[in-house]
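Below is one structure, written out as C-alpha cells, with a few remarks after it.
Counting starts at 1 for both ligands and their atoms, in listed order. Computed over heavy atoms, backbone and side chain alike; hydrogens, waters and symmetry mates excluded.
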Amino acid sequence: MFIDGGVSKLKKIVMDSKRIVAFTGAGFSAESGISTFRGAGGLWTKYDPSIYAEVNRFREDPSYYWRFFRDERYPVIKRAKPNEGHFALAELEKRGKIYRVITQNIDVLHQLAGSSDVIELHGNTRKIFCLSCEREYSMNEAYSLLKEELPPRCSCGGVLKPGTVLFGEPLPKVALDMAMLATRNCDMFLVLGSSLVVYPAASLPRIAKKSGAILVIINIDPTLLDDMADLVINGGTSKLLSRLI
Ligand code: APR
C-alpha cells in the first residue's frame, strides 16, 4: 500500500476506533538505536539464539547469555532514548485512543515516553534476579558485578538471571492474561515493527481479528499475517505515528 494513501486510511481507522491496542516489536525501537533480531543486521544473524538466549543452555552455562548482554545489549539499551513513535503512542493514550500497549520489547522505552498501560510480554532488562535467593538487582548493579565476574553472582553466591523471557521459557502469566483480555476487547489492533514469527505473542493479531477488531500492520518487511490485515503499510513506524498526531 502506497504510504500516503496508507496514512490517510490509517488516520480514518484511528479516528473511528475507541479502544486501540498497540502491539510493538523490535522494529519499533530500531529508531532508538536498538538492533532488531531478524532481517538485515539482526542480532540473531550474529548470535545463535539457541546458545545465547535459550533457558536450558542458560542453566547449563549462563556465561553465553551474560557475554551477549555485556557486549551487545547493555551498552545499547543503557543509552537508548524513546523515539517519536514512543511519544506519539503516549500522546494517543492521553487522548484516550490507546487502550493498551502490548510490547515484546524489553527496553522500557514506552514507559520512559509516558505510556502507562504497558504490558511487557517478554519481561524487561531493568530487573535482574538471583536464581537462588531471588534477590533483585538493577541492570546497572548487575553490570558492575558482571565486570568483576562472568556470570555475575549474588552476594549469596547464586547466579543472576535476567528479568527477560528466554527461549523455552513460559511468558509471565499475568502479562499474557492481560494481553489476551485487551486483545479480545479492542476495536483496532495496531502491529508496529514486528516480524510476527515468535509465539505466543504472534497469535494475538489473529485473536484480535477473530474478535472483530480491525487489524493494521506497519512494518518495513512483509509479515506472514499481512493477508489477514485490513491495512498494511511497509514503512518506518516513528515517522508514520508522529504524522497521526
Ligand atoms: N519501522 C518499522 N518496522 C521496522 C523498522 C522500523 N523503523 N525497523 C525494522 N522493522 C521491522 C523489520 O522489517 C522486522 O520485520 O521490524 C521487524 C522486527 O522483527 P524481529 O527482529 O523479528 O523482532 P520481533 O518481531 O520483535 O521479535 C519477536 O523474538 O527474538 C525474540 O524475544 C525476542 O521479542 C523478540 C521476539
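- Thr237 N, 3.1 Å is the protein heavy atom nearest to atom 1 (N) of ligand 1.
- In terms of protein heavy atoms, atom 28 (C) of ligand 1 is closest to Gln104 OE1, 3.3 Å.
- The Gly193 neighbourhood of ligand 1 comprises atoms 3 (N), 16 (O), 17 (C), 18 (C), with distances under 4.0 Å to a heavy atom of that residue.
- For Val198, every heavy-atom contact with ligand 1 shorter than 4.0 Å involves the side chain, none the backbone.
- For ligand 1, the atoms closer than 4.0 angstrom to any heavy atom of Ala30 are 8 (N).
- Glu141 places a side-chain N or O within 3.5 Å of a backbone atom of Ser138 that can act as its donor or acceptor partner.
- In Glu134, the CD atom is not crowded: 12 or fewer heavy atoms of neighbouring residues, nucleotides or ligands sit closer than 6.0 Å.
- The proximity of Ser194 to ligand 1, defined as any non-hydrogen pair under 4.0 Å, involves the side chain as well as the backbone.
- The single protein non-hydrogen atom nearest to atom 12 (C) of ligand 1 is Asp221 OD2, 3.6 Å, given as residue, atom name and distance.
- The main-chain N or O of Asn105 is found under 3.5 Å from a side-chain atom of Thr103 such that the two form a donor-acceptor pair.
- Of the listed residues (His110, Gln111, Glu93), just one forms a side-chain hydrogen bond (donor to acceptor under 3.5 Å, both in side chains) with Ser116, and that residue is Glu93.
- No donor-acceptor pair under 3.5 Å is formed between the side chain of Lys78 and the backbone N or O of Asn140.
- Heavy atoms from both the backbone and the side chain of Arg38 come within less than 4.0 Å of ligand 1.
- The existence of a salt bridge linking Lys18 and Asp187 is excluded, since no basic side-chain nitrogen approaches an acidic carboxylate oxygen closer than 4.0 Å.
- For ligand 1, one of its N or O atoms has an N or O atom of Ala26 under 3.5 Å away.
- Salt bridge annotation for Asp230-Lys209: present, with a cationic side-chain nitrogen under 4.0 angstrom from a carboxylate oxygen.
- Only the side chain of His122 comes within 4.0 Å of ligand 1, counting heavy atoms alone; its backbone N, CA, C and O stay farther away.
- Considering both main-chain and side-chain atoms, Phe37 comes within under 3.5 Å of ligand 1 through a nitrogen or oxygen pair.
- The nearest protein atom to atom 9 (C) of ligand 1, hydrogens excluded, is given as Gly27 CA, 3.7 Å; this is a heavy-atom distance.
- No side-chain donor-acceptor contact under 3.5 Å links Asn185 to the backbone of Ala182.
- Taking the ring centre of Tyr143 as origin, the terminal cationic atom of Arg70 falls outside the region bounded by 6.0 Å and 45° from the ring axis.
- In this structure, Arg57 does not pair ionically with Asp61, as no charged nitrogen and carboxylate oxygen lie closer than 4.0 Å.
- Nearest protein neighbour of atom 14 (C) of ligand 1, counting heavy atoms only, is Asn219 ND2, 3.8 Å.
- Taking any N or O of Ile220, backbone or side chain, at least one lies under 3.5 Å from an N or O belonging to ligand 1.
- The cationic group of Arg67 does not satisfy the cation-pi geometry with Tyr65, failing either the under 6.0 Å distance to the six-membered ring centre or the 45° limit from the ring axis.
- Contacts between Phe28 and ligand 1 below 4.0 angstrom, taking non-hydrogen atoms only, are absent altogether.
- Between the Lys81 side chain and the Ser32 main chain, no donor and acceptor come within less than 3.5 Å of each other.
- Counting protein heavy atoms only, atom 2 (C) of ligand 1 is closest to Gly235 O, 3.4 Å.
- Shortest contact from atom 7 (N) of ligand 1 to any protein heavy atom: Glu31 OE2, 2.4 Å.
- Residue contact check: Phe167 has heavy atoms under 4.0 Å from atoms 30 (O), 31 (C) of ligand 1.
- Ligand 1 lies nowhere less than 4.0 angstrom from a heavy atom belonging to Gly42.
- Of all protein heavy atoms, the one lying nearest to atom 30 (O) of ligand 1 is Trp44 NE1, 2.8 Å.
- Close contacts between ligand 1 and Gly25 involve ligand atoms 26 (O) [criterion: under 4.0 Å to a heavy atom].
- A salt bridge links Glu169 with Lys161; the closest basic N to acidic carboxylate O contact falls under 4.0 Å.
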